[in-house]
Amino acid sequence: MILKLKEPLNLDFTLNSGQVFNWKKNNDFWEGFVNGKKTKLKKKGANLFFKGASKSEILSFFKLDESLDEIYQSILSKSGDLLLESLFKKYRGLRILRQEPWECLISFIISQNSSIKTIRKRIETLYSLNDGFPSAETLSKLSESDFRKMGFGYRSKYVKETSEIVASGFDLRKIKGRKFDSALEELKSLPGVGDKVGKCVMLFSLDFNEAFPVDVHIENVMKKFYHRERNIQEFAVKRFGAYAGYAQQYLFFSDVF
DNA sequence: CAGGTC
DNA sequence: TCTGG
């Protein structure tokens, strides 16, 4: 199937930017999961060739309903930021994804204090448990030591407990409609979810485009270029506006990759 | 030493 | 503090 792209999309930047850990490039095909469906992608000019997920699922996954250039403009006109202006040019087509919230949550819980390579391996292990990413019900039936055997370390307890809570009715999707602070608070009530993981889940799966997750890389960037060490979320929204999360993604990408 | 949390 | 690379 073919999709005509009206929006800038760079698959290499987007699928390699630390938002998702279950995509692989084989030759010139990207392979991963969209909405639980194994999907192959290849881009040629403005044509996106795809197999697996449906067209509307792909449009949603890459948030192709949002105009990237308008987002750039919105951030630049508000901030006049020269660093971001150059990053938007350099990494044009780097998009923020709209992932499945449950998978996103577990992915970032097991990402803490780990290298990208380790994170990828852990997620691959989860996928190998059954066909596709295991549900909260499935994971809640495993024990903490099962997760330790998978190499999750101290995060095992978080995964076990969070799975139990979600399996017994905690609805991630209902958080979507909440106010920012309330949504973050709700997520942080889950074991293993702090400020950083919570904001990653909000930005990458729940459409909170103003979420500005702060990890060590962003901390360094903010210190170096903006002379900020505290209250970074507030600063980011004031400076970059409602799409601060996009600014975060470009700053992160330029620092790490 | 690695994209934190409690 | 855990633990893989």
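Please read all numbers here as calculations on a predicted model, not as lab measurements. Naming: A, B, ... by sequence-line order, numbering from 1 per chain.
The side chain of A/Val197 lies closest to B/dG4 when the candidates are B/dG3, C/dG5, B/dG4. Picking from C/dG5, B/dT5, C/dT3 the nucleotide with the shortest atom distance to the side chain of A/Lys117 gives C/dG5. Considering only the side chain of A/Lys121, C/dG5 comes nearest among B/dG3, C/dG5, B/dG4. With distances taken from any side-chain atom of A/Val216 to the nucleotides B/dG4, B/dT5, C/dG5, the minimum falls on B/dG4. Candidate nucleotides C/dG5, B/dG4, B/dG3 were compared by shortest atom distance to the side chain of A/Tyr154, and B/dG4 ranks first.
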| said: With side chain to side chain contact (heavy atoms under 4.5 Å, CB included) as the criterion, how do A/Gln233 and A/Val214 come out once you've worked through the C-alpha distance, each side chain's angles and the decisive distance to 0.1 Å? | reply: CA-CA 8 Å; A/Gln233 174 71 53; A/Val214 179; over 6 Å; no
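Nucleic acid contact for A/Ser107: none, since no nucleic acid atom lies under 4.0 Å from a heavy atom of the residue. Residue contacts shown for A/Ile116 include a base, since a base heavy atom lies under 4.0 Å away. No contact: A/Pro213 has no heavy atom under 4.0 Å from any strand. A/Val214 comes within 4.0 angstrom of nothing in the nucleic acid, heavy atoms only. Counting non-hydrogen atoms under 4.0 angstrom, A/Gly18 reaches a base of the nucleic acid. Nucleic acid contact class of A/Leu190 (heavy atoms, under 4.0 Å, all strands): sugar-phosphate only. Nucleic acid contact class of A/Phe252 (heavy atoms, under 4.0 Å, all strands): base. Using a 4.0 Å heavy-atom distance criterion, A/Val193 is classed as a sugar-phosphate-only contact.
Across the strands present, C/dG4 finds its partner in B/dC1; the criterion is a Watson-Crick or G-U wobble pair with both atom distances under 3.5 angstrom.
At a cut-off of 3.5 Å, with distance as the only test, a side-chain donor of A/Ser60 or A/Arg98 sits close to an acceptor on the other residue. A/Glu103 and A/Asn22 form a side-chain donor-acceptor contact under 3.5 Å, judged by distance and modelled atom types alone.
For the pair A/Ile109 CD1 and C/dC2 C1', the computed distance is 16 Å after rounding to whole Å. Rounded to whole Å, the distance from CD on A/Gln112 to P on C/dC2 is 14 Å. Rounded to whole Å, the distance from CZ on A/Arg148 to C1' on C/dG4 is 14 Å.
Nearer the 5' end of DNA chain B, as judged by each residue's closest nucleotide, is the contact made by A/Ser114, out of A/Tyr158 and A/Ser114. The residue among A/Ser115 and A/Arg155 whose nearest nucleotide of DNA chain C lies closer to the 5′ end is A/Arg155.
Not one side-chain nitrogen or oxygen of A/Asn113 sits closer than 4.0 Å to the OP1 or OP2 atom of B/dA2.
Of the inter-residue distances, the one linking A/Phe152 atom CZ with A/Thr118 atom OG1 reads 11.5 Å to the nearest 0.5 angstrom.
Contact check for A/Leu97 versus A/Trp23: no side-chain heavy atoms found under the 4.5 Å cut-off.
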